[in-house]
Amino acid sequence: MKHTRRQNTRLVPESGRSIRIDINGENFLDVVYALDISVAGVRIGVPHRFEGCRLDKMVSLVVNLPEPINTSFVTLGSIRHISGGAFGVKFVGLENADYRAVRQYLTYLMAKQRPWRTFLFKLGLVK
């Protein structure tokens with residue numbers, strides 16, 4: 001399998017401020033939590049796995065970003081990979097306002113976790 005370098009910065013949510021995600025697929029409906037997030041998608045923990053779930057299947061997501069952003073949005077996602085107890089889900093058709101909310105959340109996390117990258121991220125030099 002060819003390894004490709006990730007094009008978007010993924011960050012882990014703060015401890016005690018989880019990103020809750022309501023996910024609805026063809027054969028399942030559940031509440032899960034993000035292990036990491038980027039403007040392109042999210043990796044979610046799914047310890048029990050969803051039976052009948054396949055790659056490239058579309059799912060409906062309600063993403064709840066915690067404080068200080070404290071907003072929710074609905075979008076579609078495509079399951080891109082399944083690894084152990086986690087799924088990688090690519091956002092599909094993310095609205096501009098929702099993209100900005102995720103980007104604002106990432107900027108906040110970066111300032112706390114990696115202050116030196118925040119400036120580059122805001123300039124668009126780091127995705």
Side-chain angles (χ1 to χ4, degrees):
M1 178 181 211
K2 182 181 173 187
H3 177 25
T4 58
R5 183 170 165 83
R6 194 169 301 282
Q7 293 184 9
N8 295 290
T9 299
R10 285 191 175 263
L11 295 173
V12 175
E14 289 179 288
S15 178
R17 290 186 176 177
S18 302
I19 300 172
R20 177 187 151 157
I21 300 175
D22 300 9
I23 184 169
N24 185 6
E26 188 174 301
N27 298 314
F28 59 87
L29 171 64
D30 209 342
V31 174
V32 294
Y33 294 89
L35 301 173
D36 61 40
I37 189 168
S38 78
V39 293
V42 64
R43 186 169 60 104
I44 57 175
V46 188
H48 54 76
R49 298 192 177 218
F50 295 125
E51 294 301 321
C53 189
R54 295 188 317 267
L55 291 178
D56 295 324
K57 276 293 197 184
M58 295 298 287
V59 292
S60 174
L61 304 168
V62 179
V63 180
N64 300 279
L65 297 175
E67 291 182 9
I69 308 308
N70 204 26
T71 192
S72 300
F73 61 87
V74 177
T75 191
L76 293 176
S78 173
I79 298 172
R80 304 306 296 166
H81 65 84
I82 302 170
S83 176
F87 287 6
V89 181
K90 179 181 178 181
F91 295 138
V92 176
L94 195 62
E95 297 289 329
N96 287 338
D98 302 331
Y99 175 87
R100 285 191 302 273
V102 173
R103 196 161 163 84
Q104 182 181 10
Y105 178 70
L106 293 171
T107 300
Y108 164 78
L109 286 179
M110 234 184 260
K112 291 193 70 129
Q113 297 174 5
R114 304 176 193 172
W116 58 272
R117 292 193 69 177
T118 303
F119 180 71
L120 298 176
F121 185 72
K122 286 182 179 179
L123 291 176
L125 300 174
V126 174
K127 292 184 180 181

Is there a side-chain contact between [X] and [Y] in this structure, where contact means two heavy atoms from C-beta onward sitting under 4.5 Å apart?
X   : Y    : result
N64 : D22  : yes
V92 : M58  : yes
L65 : V63  : yes
P66 : Y105 : yes
F91 : V42  : yes

**Request:** Mind running side-chain contact (heavy atoms from CB on, under 4.5 Å) on Y33 and R20 for me, showing each step along the way?
**Result:** CA-CA 5 Å; Y33 294 89; R20 177 187 151 157; 3.7 Å; yes
Could you tell me the separation between the [atom1] atom of [X] and the [atom2] atom of [Y], rounded to the nearest 0.5 Å?
X   : Y    : atom1 : atom2 : answer
N96 : R103 : CG    : CZ    : 12.5 Å
K90 : L76  : NZ    : CG    : 13.0 Å
L61 : S72  : CG    : OG    : 12.5 Å

Do you know the tightest heavy-atom contact between [X] and [Y]?
X   : Y   : value
R10 : R43 : NH1-N, 3.5 Å
A34 : P13 : O-CG, 3.8 Å
V89 : G77 : CG1-CA, 3.7 Å

**Message:** Tell me which one of I37, V59, V62, V32 satisfies side chain to side chain contact (heavy atoms under 4.5 Å, CB included) with I21.
**Reply:**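 Between I21 and the candidates, side chain to side chain contact (heavy atoms under 4.5 Å, CB included) is satisfied uniquely by V32.
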**Request:** Please determine which of I79, I23, L35 meets the side chain to side chain contact (heavy atoms under 4.5 Å, CB included) test together with I44.
**Result:**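 So, applying the side chain to side chain contact (heavy atoms under 4.5 Å, CB included) to I44 and each of I79, I23, L35, only I23 qualifies.
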**Asked** With sequence neighbours excluded, what pairs up with S18 under the side-chain hydrogen bond (donor to acceptor under 3.5 Å, both in side chains) test?
**Response**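 Expected list: none.
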**Message:** Applying side-chain hydrogen bond (donor to acceptor under 3.5 Å, both in side chains), can you list everything that pairs with R17, at least two apart in sequence or on another chain?
**Reply:**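 side-chain hydrogen bond (donor to acceptor under 3.5 Å, both in side chains) list for R17, sorted by chain: E14, Y108.
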**Item:** Those residues that, when tested against E95, pass salt bridge (Lys or Arg N to Asp or Glu O under 4.0 Å) (two or more places apart)
**Value:**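 Result, salt bridge (Lys or Arg N to Asp or Glu O under 4.0 Å) vs E95: none returned.
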**Sidechain-backbone polar pair: S38 side chain, G41 backbone, donor-acceptor under 3.5 Å** =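 Judged by distance alone, yes, a pair lies under 3.5 Å.
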